[in-house]
Asks: 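Handing you a structure now.
Not measured: the values here are computed from a predicted model. Throughout, a chain's letter reflects where its sequence line sits, starting with A, and its residues are numbered from 1.
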Number of protein chains: 2
Amino acid sequence: MNEAMKSLRTLQKTMYGLNYAMCVIDYDAQTVAPSESSAGRGEALEQLSSLQYGLIASPQMPRLLAEAKQGELTEQEAAEVRELEKHYKQISCIPQEEYAAFSNLTSNAVNAWEKAKSADDFSIFAPYLEKIVATRRRFAHLLDPDKAAYDVYLDQFEEGLTMEKCDAFFAELKATITPLVQKIAAKGCQPRTDFLEGSWSIDRQRELSAQVMELMHIDPAHCILGETEHPFTSGFYKGDVRITTHYHEQDAASNLYSVVHEGGHALYELHNADRLVGTCLAGGASMGIHESQSRLFENYVGRSLPFIRCILPKMAELFPEHLEGVSAEDFYKAMNTCKPSLIRTESDEVTYCLHIMVRYELEKQLMAGTLEVAGLPQAWNALMKELLGVDVPSDAQGVLQDIHWACGDLGYFPSYALGTAYAAQIVDAMRRDLDLDKLLEEGDLAPVLDWLTDRIWQYGAEKSPEWLIQNACGAPFDPKFFTRYLTEKYSALYEL
Amino acid sequence: MNEAMKSLRTLQKTMYGLNYAMCVIDYDAQTVAPSESSAGRGEALEQLSSLQYGLIASPQMPRLLAEAKQGELTEQEAAEVRELEKHYKQISCIPQEEYAAFSNLTSNAVNAWEKAKSADDFSIFAPYLEKIVATRRRFAHLLDPDKAAYDVYLDQFEEGLTMEKCDAFFAELKATITPLVQKIAAKGCQPRTDFLEGSWSIDRQRELSAQVMELMHIDPAHCILGETEHPFTSGFYKGDVRITTHYHEQDAASNLYSVVHEGGHALYELHNADRLVGTCLAGGASMGIHESQSRLFENYVGRSLPFIRCILPKMAELFPEHLEGVSAEDFYKAMNTCKPSLIRTESDEVTYCLHIMVRYELEKQLMAGTLEVAGLPQAWNALMKELLGVDVPSDAQGVLQDIHWACGDLGYFPSYALGTAYAAQIVDAMRRDLDLDKLLEEGDLAPVLDWLTDRIWQYGAEKSPEWLIQNACGAPFDPKFFTRYLTEKYSALYEL
């Protein structure tokens with residue numbers, strides 16, 4: 001290994017320590033931290049961010065990167081250099097104090113968002129979001145004054161993504177989804193869901209979570225399930241990945257699909273190649289690819305008839321009062337009811353991307369400066385009416401439902417739609433090699449995990465999203481797989 | 001503020017961020033982390049320790065300290081300089097890699113200790129402890145080649161403490177305790193404890209914990225109670241202090257006194273002056289002073305008759321099947337049974353310091369190199385027989401019971417005995433100003449908290465242990481207060 005590369009490896013190890021610390025602090029904040037502790041946490045995160053900045057944007061970084069590239073590099077080393085260069089470019093144009101202060105701001109913003117959501121009072125969160133939007137716009141200008149601010153962030157979450165591409169992608173989705181939703185509504189009948197009503201013991205939901213994680217081969221010695229307001233995954237390193245869920249006593253599906261969704265994220269990181277540990281390549285290739293794995297498990301596994309055939313008897317043992325006499329077909333239909341609703345994370349596969357489009361449109365306007373934070377709730381409600389046809393009764397069930405903006409993540413949401421569409425194409429490719437339906441019905445997920453490890457998970461961020469899709473599917477990304485899947489699945493379900 | 005002092009303030013803020021991170025990582029490890037995640041955590045801690053080292057032992061530190069001292073300094077600034085100088089001296093003679101690697105070692109050692117304790121297999125922990133002892137001896141030699149290794153660490157936990165002083169202190173305690181234990185044994189009768197037997201609902205023990213914390217004015221918005229194998233306190237900063245307990249279904253006293261003990265630690269840090277936040281003075285003055293506060297609440301408050309008069313009705317409501325018809329005097333006597341036993345944290349006030357002496361003797365020998373780790377269980381059992389007259393049935397209930405050595409803390413244990421004795425003198429002084437018994441019986445702890453805040457808690461590490469004792473008690477430390485307290489309390493209890 002050349003000397004510069006050795007220095008870059010040492011630097012990545014230090015970055016690993018700081019990233020690890022920031023992940024634990026964030027996990028602690030969202031799981032157990034006392035309610036009035038965000039001030040000191042924000043301060044600590046500011047200090048750690050400043051150290052992180054000092055490492056990545058250090059004056060010797062350009063020289064080290066240039067020297068490393070002049071030497072012989074393995075494929076992995078070249079990828080590390082590429083990623084470090086990207087980080088350097090993204091960070092070094094921002095002043096250190098402002099970069100560090102942003103961590104402090106978002107840490108306190110998450111605390112304010114939690115309070116705002118639980119009090120259903122947007123005004124508690126608004127001043128934080130205003131600062132976040134202003135800072136993000138300023139940073140974008142520093143990063144690339146010639147580029148639209150939102151394009152700067154779309155590219156950070158998914159390399160090469162732009163508003164132009166997003167507009168085309170969403171237009172294509174909408175062309176399928178809107179008529180589909182209309183046809184389903186016109187059909188005027190919905191499957192029975194009476195057995196979903198009533199109370200689902202949270203203790204037994206916890207047992208179900210453990211069974212689902214076992215079925216997914218998620219080893220509790222390396223991955224635990226916590227409970228939070230908003231489910232998420234945090235990978236400290238491949239030997240310690242945390243997922244969380246939220247239990248609702250009136251709704252068993254919410255936890256079930258949270259566990260399967262976050263479990264998909266977790267499996268990705270748990271199956272990174274060992275050689276990536278401690279490097280900047282550990283984790284996922286992009287948020288789009290990451291969401292493709294979670295959405296793959298949530299929808300293409302979790303909401304499929306074969307998987308429901310496998311899991312329903314286990315659920316019926318835990319919840320006989322709900323599920324005795326309910327057939328797999330009944331449960332499958334109930335889990336795939338298409339009905340415009342308020343909450344993204346609980347929405348069906350057809351309307352899900354409409355929820356994303358609402359956020360995408362609003363982010364575009366916030367970043368362009370054509371929408372003020374003060375006008376956000378109204379704009380949210382109007383778009384929900386326009387795209388989903390629903391009336392939003394409260395900000396808690398509206399603009400305050402997601403944590404992402406509080407975390408400073410503007411430009412993340414399109415990853416969910418992109419990931420969902422990636423997943424359709426990946427599953428299509430997987431079916432050429434595996435009898436997926438049979439495996440799911442038998443609860444034998446090991447071959448699925450092996451297939452994904454081999455083609456995607458092992459690589460972390462070593463390969464680009466494009467490379468991974470091409471490698472897994474033998475073709476570049478095409479949203480047709482997703483629109484076709486939706487049309488076929490829901491035409492059959494609703495006998496259109 | 002002079003320029004050097006400004007630089008030192010900035011540096012302390014960065015140290016605050018790193019300390020905060022290491023506290024959270026440690027808290028996470030002991031509360032929720034998955035069982036097989038210590039490798040990556042150890043790596044992260046090694047990196048953070050290395051950064052910490054780079055800050056404290058930086059080449060410009062001696063210059064900054066010297067320049068700061070040449071300028072005008074407030075009392076607080078002078079204390080900061082004094083503490084930073086101490087840290088610099090303690091760390092800079094150790095090579096950076098070795099200092100950092102020790103964090104990794106102890107992180108993995110804690111994991112091994114947990115497994116060893118639960119499997120009752122000392123051999124799982126032994127290789128880690130061997131490395132810890134060897135490293136501590138090597139570090140001590142680097143710190144001061146002319147000083148006995150154990151004296152180096154005694155001084156780190158309690159400035160000025162030496163084996164000579166400890167020997168004299170423990171000899172004085174022993175001269176009171178051993179005859180007292182013998183007289184109590186000779187008396188041949190014990191108070192009734194039948195009502196302590198049987199099962200104590202853990203859910204209701206949790207409720208009791210919350211009531212006790214409320215009584216102690218511990219604000220749950222700033223201090224939460226977790227559950228761990230070994231109870232502890234971790235102060236992230238004065239706005240976020242974590243305490244933990246362990247619930248035993250067969251033993252309600254264990255949790256009760258863990259909460260009161262750790263609550264005492266927590267109150268100390270929660271009442272640091274605001275001006276100390278983010279400086280190296282936040283926290284406690286020494287481990288001895290810290291333990292004086294926890295032991296003060298555990299024993300002089302928690303095990304006193306007036307406090308039991310206050311808390312028993314609350315407990316009887318939660319546990320009527322145990323406590324109906326039990327008088328405060330009965331409960332007081334049961335909570336103060338003097339009986340040599342196996343577990344330090346559950347031992348009575350009389351025999352407690354004998355448990356400390358066992359550990360003190362063993363640490364002395366380990367640090368002197370006259371005892372090998374392999375011989376530790378045997379030596380432990382022999383000393384327990386000699387000092388307490390008990391036979392140790394298993395290493396889990398013997399040498400493996402405490403976490404401290406796994407954390408690398410050799411020299412910590414004497415702080416417990418010292419703190420216990422400090423507390424006797426502090427309570428004696430407090431009684432001159434407050435009608436303590438009346439306040440405790442009425443459950444009115446606010447004046448006690450104010451008294452301790454005023455004299456001790458506000459100062460953090462700004463003042464030395466000696467100064468604090470003198471300030472609180474109007475006289476230097478004298479163990480007589482403790483031996484007199486023990487003799488009087490237990491002579492009355494056992495009618496000697």
Asks: Tell me, out of B:Gly40, B:Ala21, B:Ser35, who's got the most heavy-atom pairs with chain A below 4.5 Å.
Replies: B:Gly40
Asks: Under a 3.5 Å cutoff, is there a donor and acceptor pairing between the side chains of B:Ser234 and B:Asp26?
Replies: no
Asks: Shorter than 4.5 Å, heavy atoms on both sides: which option in A:Ser37, A:Gly226, A:Ala39 has the most such pairs with chain B?
Replies: A:Ser37
Asks: Give, as side chain, backbone, both or neither, the part of B:Ile25 having an atom under 4.5 angstrom from any heavy atom of chain A.
Replies: both
Asks: If I measure from the heavy atoms of chain A, does B:Cys23 come under 4.5 Å with its side chain, its backbone, both, or neither?
Replies: neither
Asks: Can a salt bridge be assigned to the pair B:Arg275 and B:Glu462 using a cut-off of 4.0 Å between side-chain N and carboxylate O?
Replies: yes
Asks: B:Tyr88 and B:Ser58: side-chain donor and acceptor closer than 3.5 Å?
Replies: no
Asks: Any idea which of B:Lys238, B:Met22, B:Glu43 has the most non-hydrogen atom pairs under 4.5 angstrom with chain A?
Replies: B:Glu43
Asks: Given heavy-atom pairs under 4.5 angstrom as the criterion, report whether the side chain, backbone, both or neither of A:Arg41 touches chain B.
Replies: both
Asks: Checking side-chain hydrogen bond (donor to acceptor under 3.5 Å, both in side chains) for the pair B:Thr244/B:Glu262: CA distance, chi angles, key distance, verdict?
Replies: CA-CA 7 Å; B:Thr244 72; B:Glu262 305 305 337; over 6 Å; no
Asks: Does A:His290 have its ring centroid less than 6.0 Å away from the ring centroid of A:His265?
Replies: yes
Asks: Using non-hydrogen atoms and a 4.5 Å limit, figure out which bit of B:Val277 sits close to chain A: side chain, backbone, both or neither.
Replies: neither
Asks: Where does A:Val32 contact chain B at under 4.5 Å (heavy atoms): side chain, backbone, both or neither?
Replies: both
Asks: Looking only at side chains, do B:Glu80 and B:Gln76 share a donor and an acceptor under 3.5 Å apart?
Replies: yes
